[in-house]
Amino acid sequence: MVKAFHKNNLPEYKKLCAFHQFVARGVRAYAYPVLFFAAAVMFLALGIAFGNPAFYAGAGVLFVLACALPPVALAMQNAKLGKKIAQNPDYLKTEQLFQFGEESFRLTIRAGARTEEVEIPYAQVLRIYETKEYFYIYIGRSQALIVGKADITEGSADELAVLFRKLGKRFREKKNLRAQPPHAA
């Protein structure tokens with residue numbers, strides 16, 4: 001059994017949201033920047049073909065939009081997060097206790113004076129992503145739990161990865177983060 005503890009905080013929530021925006025969503029996150037970049041290339045080709053400076057200017061504007069869209073989207077998302085957390089005073093006081101077993105994990109949520117327990121079978125987990133610092137456990141399309149590797153109180157990240165491997169392709173493991181056995185001489 002592996003146990004972990006997580007207390008909500010804004011910096012980790014922002015990391016999760018950025019991860020969700022640019023990694024977990026996959027190619028959908030880059031659809032508009034790619035579209036603007038392709039349009040910029042098309043305008044550039046038209047500018048070269050017809051020698052028209054208006055096409056060059058259009059290509060420049062579209063290229064700037066393609067480059068600016070991801071950081072602008074992230075900044076807007078972070079601004080919304082700050083407002084959401086300000087509206088929910090219990091968010092920063094909320095704690096999650098995890099107990100990971102062979103077939104499921106128990107999640108205990110403490111929010112102020114309320115405590116709630118739920119058993120979540122791995123079969124209901126949509127996907128788990130591993131990063132250098134975290135496991136992000138998606139229990140909904142945009143609902144994820146954060147398990148910090150530094151917050152594992154019993155067991156290890158390697159033991160947790162062994163449990164998660166049962167999910168097959170739904171576990172996006174970073175195998176280069178696993179402890180490497182010493183090489184025999």
Side-chain angles (χ1 to χ4, degrees), residues 4 6-94 96 109 111 120 124-151 157 160-161 164-165 167-178 180:
H6 177 75
K7 183 171 182 181
N8 287 353
N9 66 69
L10 186 56
E12 285 182 349
Y13 188 40
K14 284 182 178 182
K15 283 182 185 179
L16 167 64
C17 290
F19 180 88
H20 178 75
Q21 177 77 17
F22 297 116
V23 178
R25 288 184 62 220
V27 296
R28 291 177 293 158
Y30 301 100
Y32 287 115
V34 168
L35 182 66
F36 284 133
F37 183 77
V41 169
M42 184 185 75
F43 270 67
L44 181 62
L46 289 172
I48 292 169
F50 295 112
N52 188 335
F55 286 119
Y56 292 124
V61 168
L62 289 169
F63 181 73
V64 167
L65 284 173
C67 293
L69 202 53
V72 167
L74 184 62
M76 288 172 51
Q77 177 177 278
N78 285 342
K80 286 180 187 177
L81 293 177
K83 288 179 185 176
K84 277 186 173 182
I85 288 177
Q87 292 172 351
N88 181 1
D90 285 341
Y91 178 80
L92 295 175
K93 299 174 190 171
T94 302
Q96 293 107 34
I109 302 171
I120 301 173
Q124 291 181 0
V125 173
L126 296 179
R127 182 156 283 145
I128 299 176
Y129 291 94
E130 180 180 15
T131 70
K132 186 176 180 180
E133 300 175 80
Y134 304 102
F135 290 101
Y136 295 130
I137 303 171
Y138 277 77
I139 57 175
R141 285 190 69 203
S142 60
Q143 184 180 13
L145 302 167
I146 301 170
V147 177
K149 291 179 179 179
D151 298 328
L160 198 48
F164 292 161
R165 283 187 195 125
L167 277 79
K169 291 183 178 184
R170 291 182 294 146
F171 175 39
R172 303 288 174 91
E173 181 177 11
K174 294 282 187 186
K175 293 187 183 201
N176 62 334
L177 298 176
R178 298 282 77 80
Q180 300 295 322

When rounded to the nearest 0.5 angstrom, what distance separates OH in Tyr138 from CG in Leu16? 5.5 Å
Check the pair Phe19 / Tyr134 against side-chain contact (heavy atoms from CB on, under 4.5 Å), numbers first and verdict last. CA-CA 11 Å; Phe19 180 88; Tyr134 304 102; over 6 Å; no
Ala66 and Pro33: which non-hydrogen atoms are nearest, and at how many Å? CB-O, 3.4 Å
Side-chain touch Phe164/Val125, heavy atoms, less than 4.5 angstrom: no
Answer yes or no: is there a side-chain heavy-atom contact under 4.5 Å between Leu145 and Phe135? no
Got Phe55 and Leu44 here, is their nearest side-chain heavy-atom distance under 4.5 Å? no
Determine whether more than 12 heavy atoms belonging to other residues, nucleotides or ligands lie under 6.0 Å from atom CZ of Phe22. yes
As an exercise, state the distance from CD of Glu173 to CD1 of Ile128, rounded to the nearest 0.5 Å. 10.5 Å
Is the OH atom of Tyr56 crowded by more than 12 outside heavy atoms at less than 6.0 Å? yes
Distance-only side-chain donor-acceptor flag, Tyr136 / His20, under 3.5 Å: no
Got more than 12 heavy atoms from elsewhere within 6.0 Å of CZ, Phe37? no
Test side-chain contact (heavy atoms from CB on, under 4.5 Å) on Val147 and Gln96; report intermediate values, then the result. CA-CA 9 Å; Val147 177; Gln96 293 107 34; over 6 Å; no
Check whether any side-chain heavy atom of Asn52 lies under 4.5 Å from a side-chain heavy atom of Leu46, and answer yes or no. no
List the atom of Gln77, the atom of Ala18, and the distance in Å for their closest heavy-atom pair. NE2-N, 3.5 Å
How many angstroms lie between atom CE of Met76 and atom CD of Gln21, to the nearest 0.5 angstrom? 10.0 Å
Distance, nearest 0.5 Å, that separates CD1 of Ile85 from OH of Tyr91: 5.0 Å
For Arg165, does the CZ atom have more than 12 heavy-atom neighbours from other residues, nucleotides or ligands under 6.0 Å away? yes
Out of curiosity, Phe36 CZ to Leu65 CG, how far, rounded to the nearest 0.5 Å? 5.5 Å
Gap separating the CG atom of Asn78 from the NZ atom of Lys80, nearest 0.5 angstrom: 11.0 Å
Polar side-chain atom of Lys14 near backbone of Gly82 as donor-acceptor pair, under 3.5 Å: no
Counting distance only, does the side-chain N/O of Asp90 pair as donor-acceptor with the main-chain N or O of Ala111 below 3.5 Å? no
How far apart are the closest heavy atoms of Glu130 and Lys174, and which atoms are they? OE1-N, 3.0 Å
